[in-house]
Chemist: 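Encoded as structure tokens, here's the structure I'll be asking about.
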Amino acid sequence: MSEENIRRRKEKCENCTKQCNKKPSDEDRSSLPEEDVANGEVPASSHLLKQQVLLSACLSCEGCVSEEESLKISQQNLEEVARVLGLNKKCDVSKHQVLVVSVCPQSLPFFAVKYGLDIPEATRKLCGFLKSLGVQYVFDTTLAAGFSILESQRDFVQRYSRRHHDSQALPMFTSSCPGWIRYAERVLGSLVTPHICTARSPQQIMGCLVKDYFTKQQKLSPDKLYHIMVAPCFDKKLEAVREEFYNSLLESRDVDCVLTSGEVFHMMEQMKVSLAGDPALVRHQGRGSEGFLEHIFKYAASELFSLDVEEITYKTLRNRDFQEVCLERDGEVLLQFASVYGFRNIQTLVHRMRKGHVPYQLVEVLSCPGGCVSGRGQAQGETGGRVDKALVQQMEEAYSSLPVRLPDTNPGLHFLYQDWLEGQDSTHANTLLHTQYTQTITMLPIGTIV
């Protein structure tokens with residue numbers, strides 16, 4: 001692609017704040033085939049289950065997705081899950097794939113609100129449904145998020161210590177949002193990518209935990225396990241197909257299929273769901289997300305300045321999705337962090353960065369306004385398109401009702417660091433818990449950004 005075409009593509013992408021106009025029609029939203037429901041089968045033909053990665057509140061519109069990626073993403077739907085389940089029923093037991101589902105904690109409030117239940121009850125409903133399909137194991141990703149938070153904390157402290165001789169050390173940008181990562185790699189390039197935290201997202205750490213540690217515990221080859229992720233965001237599908245998360249030798253991905261909360265709920269509505277299990281649920285700090293800013297802020301205050309921070313006070317700047325937090329001592333500002341959610345606020349951040357006017361040491365960046373609970377895979381209204389604000393408010397209230405547990409105090413994490421990763425700073429830990437983000441502007445396909 002010529003430099004002029006690259007320039008035009010960047011300009012289009014950076015100025016585009018419109019929603020993708022390729023919305024499912026009313027016909028596409030028709031209910032699932034009655035015969036599938038009656039037979040207790042996973043419906044495999046509903047057009048609703050084939051929704052594309054949209055711009056909406058996320059940043060990865062079709063113009064940023066290559067044909068190869070589009071093909072891989074199109075295979076991440078309930079039809080593919082039905083195919084795996086169907087093969088398990090038909091083939092010899094020795095050829096079965098074990099189905100494992102990991103559920104993001106930000107998806108659980110959606111099911112709670114939709115069914116008028118509290119989160120533990122809604123989780124039982126979801127687990128019962130998944131087990132009825134033939135899923136053997138259901139996990140939540142809180143443990144994986146704990147790994148991501150702890151590694152992000154250490155990454156920040158290391159960057160802070162070299163800030164005077166490394167111009168790209170700070171500010172550090174969080175790396176858990178795939179829409180933001182795609183935008184940074186494909187549009188912003190070297191301006192931003194060296195600043196992105198190398199810790200893998202909770203989704204992809206969960207992928208490693210399941211396909212590496214859990215398979216060894218179960219004495220399974222990774223290709224004998226099919227790993228499904230239930231997430232609030234369409235862009236998580238895009239993250240799952242990144243090349244660095246694929247084992248070419250075993251022909252196995254860390255996460256084989258991502259289903260949005262909305263996709264799963266649509267199917268649950270068509271099938272009778274029994275209750276089973278009673279999982280204990282917790283969350284990390286932060287409103288509607290994993291709380292990377294709050295965890296890193298408190299850790300850095302303790303490690304760098306020996307200050308114990310109990311409560312964090314946010315100062316709202318442009319709007320509720322652009323806030324900052326400061327750590328002060330004797331009138332001196334020691335740390336200044338910001339949370340920046342939504343495309344318009346990200347644009348403001350990038351504009352300031354280009355002018356050298358970013359005072360922050362860390363920025364928590366999420367492409368969805370309101371954070372992960374507001375992901376377009378679950379926050380859209382019944383007719384699609386616009387965010388259902390009442391639904392989002394209810395989900396935020398439900399999410400905040402979960403008890404908070406600090407990853408630093410989770411004994412399961414400390415055990416796995418030793419039993420699985422051979423220590424916190426081991427080569428194995430660095431390989432499985434971290435990745436790299438690089439400029440890939442020249443890889444943009446030619447097409448229309450809507």
Chemist: Taking atom CD of Gln361 and atom CE of Met172, what is their separation to the nearest 0.5 Å?
Modeler: 11.0 Å
Chemist: Ignoring hydrogens, what is the shortest heavy-atom contact between Ser367 and Pro369? Give both atom names and the distance.
Modeler: O-CD, 3.5 Å
Chemist: Keeping the roles fixed (side chain from Ser426, backbone from Ala429), state whether a donor-acceptor pair exists under 3.5 Å.
Modeler: yes
Chemist: Between Cys104 and Met229, is any pair of side-chain heavy atoms under 4.5 Å apart?
Modeler: yes
Chemist: Rounded to the nearest 0.5 Å, how far does CD of Glu185 lie from CD1 of Ile196?
Modeler: 6.5 Å
Chemist: Closer than 3.5 angstrom, by distance alone: can the side chain of Asp256 be matched with the main-chain N or O of Ile228 as a donor-acceptor pair?
Modeler: no
Chemist: Are there over 12 heavy-atom neighbours, none belonging to His414, within less than 6.0 Å of that residue's NE2?
Modeler: yes
Chemist: Is the distance between the ring centroids of Tyr183 and Phe343 under 6.0 Å?
Modeler: yes
Chemist: Do Arg154 and Gln424 have a side chain donor and acceptor closer than 3.5 Å?
Modeler: yes
Chemist: Can a side-chain donor-acceptor contact be found between Gln204 and Thr435 if the only test is distance below 3.5 angstrom?
Modeler: no
Chemist: Return yes if some donor-acceptor pair links the side-chain N/O of Gln136 with the main-chain N/O of Leu99 below 3.5 Å, else return no.
Modeler: yes
Chemist: Kindly give the heavy-atom pair with the smallest separation between Ala231 and Ser107, and that separation in Å.
Modeler: C-OG, 3.3 Å
Chemist: For Phe129 and Phe111, I'd like to know if the aromatic rings sit close, meaning centre-to-centre distance below 6.0 Å.
Modeler: no
Chemist: Less than 4.5 Å apart, side chain to side chain, heavy atoms only: is that true for Val340 and Trp180?
Modeler: no
Chemist: Quick test of your reading: applying salt bridge (Lys or Arg N to Asp or Glu O under 4.0 Å), list the pairs with at least one residue in residues 190-203, sequence neighbours left out, ordered by first then second residue.
Modeler: Arg200-Asp254
Chemist: Does the side chain of Tyr314 come under 3.5 Å of the side chain of Glu294 through a donor N or O and an acceptor N or O?
Modeler: yes
Chemist: Keeping the roles fixed (side chain from Ser148, backbone from Ala144), state whether a donor-acceptor pair exists under 3.5 Å.
Modeler: no
Chemist: For Ser175 and Ser201, work out which heavy atoms get closest and say how close.
Modeler: O-CB, 4.3 Å
Chemist: How close do Arg162 and Ala169 get, heavy atom to heavy atom, and via which atoms?
Modeler: CG-CB, 4.0 Å
Chemist: Looking at Asp140 and Met206, what are the two nearest heavy atoms and their distance?
Modeler: O-CE, 4.0 Å
Chemist: Hey, does Thr174 have a side-chain heavy atom less than 4.5 Å from the side chain of Ser152?
Modeler: no
Chemist: For the pair Phe322 and Tyr360, name the ring-plane relationship: parallel under 30°, tilted 30 to 60°, perpendicular over 60°.
Modeler: tilted
Chemist: State, with a plain yes or no, whether a side-chain heavy atom of Phe173 is found less than 4.5 Å away from one of Leu349.
Modeler: yes
Chemist: Between Glu80 and Lys237, does any side-chain N to carboxylate O distance fall below 4.0 Å?
Modeler: no
Chemist: Heavy-atom distance under 4.5 Å between the side chains of Leu416 and Phe147, does that happen here?
Modeler: yes
Chemist: Determine whether Thr123 and Val138 make a side-chain contact, defined as any pair of heavy atoms from C-beta on separated by less than 4.5 Å.
Modeler: no
Chemist: What's the shortest heavy-atom distance between Glu239 and Pro178, and which atoms?
Modeler: CB-CB, 3.7 Å
Chemist: To the nearest 0.5 angstrom, please state how far the CG atom of Asp223 sits from the OG1 atom of Thr215.
Modeler: 9.5 Å
Chemist: Is there a donor-acceptor contact under 3.5 Å from the side chain of Asn410 to the main chain of Leu143?
Modeler: no
Chemist: Out of Lys211, His227, Lys224, which one pairs with Ser252 under the side chain to side chain donor-acceptor pair (under 3.5 Å) rule?
Modeler: Lys211
Chemist: Considering only heavy atoms from C-beta outward, does the side chain of Ser401 approach that of Asp118 to under 4.5 Å?
Modeler: no
Chemist: Yes or no on salt bridge (charged side-chain N to carboxylate O under 4.0 Å, His left out) for Glu263 and Lys236, after CA distance, side-chain angles and deciding distance?
Modeler: CA-CA 13 Å; Glu263 288 174 316; Lys236 290 295 183 180; over 6 Å; no
Chemist: Would you check if the side chain of Glu121 reaches a backbone N or O of Tyr115 as a donor-acceptor pair within less than 3.5 Å?
Modeler: no
Chemist: Can a donor-acceptor pair be found, under 3.5 Å and without considering hydrogens, that links the side chain of Asn345 to the backbone of Tyr341?
Modeler: yes
Chemist: Which residue in the set Phe292, Phe337, Phe297 passes ring pair (Phe, Tyr, Trp, His ring centres under 6.0 Å) when paired with Phe156?
Modeler: Phe337
Chemist: To the closest 0.5 Å, what do you measure between CG (Leu293) and OG (Ser339)?
Modeler: 6.0 Å
Chemist: Where do Glu243 and Arg253 land on the side-chain contact (heavy atoms from CB on, under 4.5 Å) test, with the steps shown first?
Modeler: CA-CA 9 Å; Glu243 287 305 312; Arg253 292 194 175 280; 4.0 Å; yes
Chemist: Start with the C-alpha gap between His434 and Glu151, add the side-chain angles, then the distance that decides, and say whether side chain to side chain donor-acceptor pair (under 3.5 Å) holds.
Modeler: CA-CA 8 Å; His434 290 262; Glu151 293 300 312; 2.7 Å; yes
Chemist: Quick check for you: to the nearest 0.5 Å, what is the distance between Lys114 atom NZ and Leu126 atom CG?
Modeler: 15.0 Å
Chemist: Please lay out, stage by stage, how Leu220 and Phe214 fare under the test side-chain contact (heavy atoms from CB on, under 4.5 Å).
Modeler: CA-CA 8 Å; Leu220 291 170; Phe214 184 70; 5.5 Å; no
Chemist: I'd like to check the side chain to side chain donor-acceptor pair (under 3.5 Å) partners of Glu244; sequence neighbours left out, ordered by chain and number.
Modeler: Arg242
Chemist: Would you say the side chain of Tyr299 lies within less than 4.5 Å of the side chain of Val157, judging by non-hydrogen atoms?
Modeler: yes
Chemist: Kindly indicate, with the supporting measurements, whether the criterion side-chain contact (heavy atoms from CB on, under 4.5 Å) is fulfilled by Arg182 and Asp235.
Modeler: CA-CA 9 Å; Arg182 172 53 61 101; Asp235 276 7; over 6 Å; no
Chemist: List the steps, then state whether side-chain contact (heavy atoms from CB on, under 4.5 Å) holds for Leu78 with His266.
Modeler: CA-CA 11 Å; Leu78 285 165; His266 186 80; over 6 Å; no
Chemist: Does any N or O in the side chain of Ser302 come within less than 3.5 Å of the main-chain N or O of Lys298, such that one atom is a donor and the other an acceptor?
Modeler: no
Chemist: Please report the interatomic distance OG1(Thr260) to CZ(Phe265), rounded to the nearest 0.5 Å.
Modeler: 12.0 Å
Chemist: With Glu311, which residues qualify under side chain to side chain donor-acceptor pair (under 3.5 Å), at least two apart?
Modeler: none
Chemist: Are Gln218 and Tyr137 close enough, and set up right, to give a side chain to side chain donor-acceptor pair (under 3.5 Å), and what steps lead you there?
Modeler: CA-CA 12 Å; Gln218 298 296 314; Tyr137 301 94; 3.2 Å; yes
